[in-house]
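See structure below.
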Amino acid sequence: MSDRLLNHIPLIKLAGIGASLESKFHALGIKTIQDLLLHFPLRYEDRSSSCAIGDATVGEYTTIEGRIIKTEIIFKRRQMLLCYIQDDSGIAILRFMHFNAGMKASMIVGKWISAYGEIKSGKTNLEIIHPQFKIKANKAEQASLSDLNEERFTPIYPSTYGLTQNVIRKMIKSALILLKNNLPNEILPDSLSQNYLPILDALNIIHNPSITTDIDQLLVGEHPAIKRFVFEELLAYHLSMLMIKRDNQKQRAYSMHSNQRLILPFLASLPFNPTHAQQRVVQDIYQDMTKHIPMMRLVQGDVGSGKTLVAAMAALNAIENGHQVVLMAPTEILAEQHFNNFKQWFEPLGITVDWLSGRLTAKNKQQRYEALKQGEITMLVGTHAVFVDKVEFSNLGLVIIDEQHRFGVNQRLSLWEKGIKNAIHPHQLIMTATPIPRTLAMTVYADLDVSIIDELPPGRTPVTTVVIPNSRREEIIDKVNQACLSHRQVYWVCTLVEESETLDAQAAEMLVEELKERLPHLNIALVHGKMKSDEKQSVMQAFKAGEVQLLVATTVIEVGVDVPNASLMIIENAERLGLAQLHQLRGRVGRGSAISHCVLMYQAPLSRIAQARMRVMRESNDGFVIAQKDLEIRGSGEILGTRQMGEANFKIVDLIRDQHLISEVQKASYLILSESPECAKQLVDCWLPERQKYINA
Ligand code: ADP
Ligand code: MG
């Protein structure tokens, strides 16, 4: 273990932090002193620039200066001190809730005052509440607030309710002092660390930039002070992946050879043949499974490319060899759909298929735990519930994870560990529709072998996408009606109103009422995340069976749902969604042979980024192209979707901003692993302590 940045010292050890402050910091994910030191500012405020009162902008942090014209104490629920100041351009009020007699006495009418803070609009004048201030004898006296705080730039940190900037700053200051008294060792070997600023210097620049610091460079991650941390974190991440992979190579697995006993009748029962791409990927998988080392393979395939079939064929290989298989999906709706598919496919072959979700009754769960342990269930499909400690397998040979971007690396590894029996590991197959550009994939999936399904099943016609403002709702309702009358099915997706599933569900409920009123002759149903699981299931089944013509849904249907007869999708407030999510959603249509349409409805006016996104959606149906465009558009802040990158959860690295470092990181990783493995361990311990337990060697 290393203690380089006081990474094993809990926050509570810092002078001035008690239990209540500690819990507030925990809410920000800050648990150790290192976490605090690596809590970097969002932005910096420049206190040296002052402006005329008349030019001050509400919401901005500014210094204003003026002559004191009046002070008064008023009583509004509590006592407040108001100090009125005036310059040539106007009058502003400085408002203090906490003050003492001395403070009031010092604010002598006629003297000048310099005050810094956020400009608010008060009833009569602009005001600053609790400004930082300095009183001057006259206007000319040089007493700008930059003397007040010897630093010109003040860092503003990400915060949470009840945690003020001042407290965060104070705590970081004392953490820096502590660090200075326990000077950190470099972890990186000299050959690498000499390119970078020493840790303490770098942290000092980040938390207390001086007059000469290039703030813009700091903010875009180009400053040498930031770069050393970016490099280290990326390196630690990459190393952890390589170590996991290397560890994996030392593990043992059952070698499985297909005897075709199940696969042949299965293929014969399908109404179609696997595509070439599916066959090629399945061959990769079968090849891996013949080995005595556990497979760790990622199958990447755009939405609709037929990953489920690949999973089924992999599962049959393990089952032919006498093993159990578990398939995990991120949502109940998707797990349920997989369960139905596998049941339909496998039961005629004499394979018992069952399912597990958190919403089953305790008794039902218990029965399944028992059956799994006894080996009475061969194929288990489920949600996160398959992680639970009580789940034990008798003979697990293969773990399949669908839509892995919804899970983290650690969850994936923990499920895998579950399968270990007598030191034999199960094989692991991971499926994703997330098209990550190649350079990024090399880091995010450095521990995995990758196969790509680069072909869609035959007979698909690309989805035609149109972008229409909310104001043309009537036309859209009409379009929906037409589609349903010609025996097609429709999704109407109601997107997040706010980050709240409850509000989302309410909005969807209202929409259903509206549509039922407008289209009384149609069978309209609703599905959202707040519904009970059997309700969700029966709605999805009715939709699949064609009984429901119009399905109003929240984004719960985003991943995996497969109803080939649905050929029209309306996405409301599409401007709120990122490209990755729009592409996933749209992937729910265009699965059958009918020509499909997707309507992106938006609330005008569209921001520039939203316009660019809509254009991409209109012009392309190809996940890789869309991902690439996403990177280009993103520039100004919108991310490929942190969720989409769910695998990687970085503190400082921004994978997209920092991708140019990847090749350097790869080189450094090999150097470190071969020359100073101790350093690799320390880096992982520092940056990804929770991953440590999966790395043995
Ligand atoms: P995804 O890759 O998005 O998970 P699915 O596995 O849900 O895609 O497959 C999408 C649809 O394509 C399903 O209806 C499935 O039955 C169908 N499908 C899969 N493979 C083929 C194939 N080789 N030929 C024709 N249809 C296929
Ligand atoms: Mg799928």
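Atoms within each ligand, like the ligands themselves, are counted from 1 in listed order.
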Got [X] and [Y] here, is their nearest side-chain heavy-atom distance under 4.5 Å?
X    : Y    : answer
L600 : R586 : no
P265 : L349 : yes
I293 : N248 : no
W345 : T308 : yes

- Should we count NE2 of H276 as having more than 12 external heavy atoms under 6.0 Å? no
- Inspect the surroundings of NE2 in H487 and state if more than 12 heavy atoms from other residues, nucleotides or ligands are less than 6.0 Å away. no
Considering non-hydrogen atoms of the protein only, which is the closest contact for [atom], and what is the distance?
atom                    : answer
atom 9 (O) of ligand 1  : G306 CA, 3.6 Å
atom 5 (P) of ligand 1  : T308 OG1, 3.6 Å
atom 20 (N) of ligand 1 : Q278 NE2, 3.0 Å
atom 3 (O) of ligand 1  : G304 N, 2.6 Å
atom 10 (C) of ligand 1 : R591 NH1, 3.2 Å
atom 2 (O) of ligand 1  : K307 NZ, 2.7 Å
atom 15 (C) of ligand 1 : D562 OD2, 4.2 Å
atom 21 (C) of ligand 1 : F272 CE1, 3.4 Å

Can a side-chain donor-acceptor contact be found between [Y] and [X] if the only test is distance below 3.5 angstrom?
X    : Y    : answer
D288 : H427 : no
E376 : T352 : no
H583 : D302 : yes

Proximal ligand 1 atoms for [X], defined as those under 4.0 Å from one of its heavy atoms:
X    : value
P274 : 23 (N)
V303 : 3 (O)
N273 : 22 (C), 23 (N), 24 (N)
T275 : 23 (N)

Quiz: residues 540-552 side-chain donor-acceptor pairs under 3.5 angstrom, not counting sequence neighbours:
from	atom 1	to	atom 2	distance (Å)
K544	NZ	D562	O	3.0
Q549	OE1	N523	N	2.8

Can [X] be said to touch ligand 1, with heavy atoms closer than 4.0 Å?
X    : answer
A433 : no
R460 : yes
V310 : no

- Residues K245, D449: salt bridge by 4.0 Å N-O rule: yes
N or O contact, [X] vs ligand 1, cut-off under 3.5 Å:
X    : result
G301 : no
P457 : no
Q337 : no

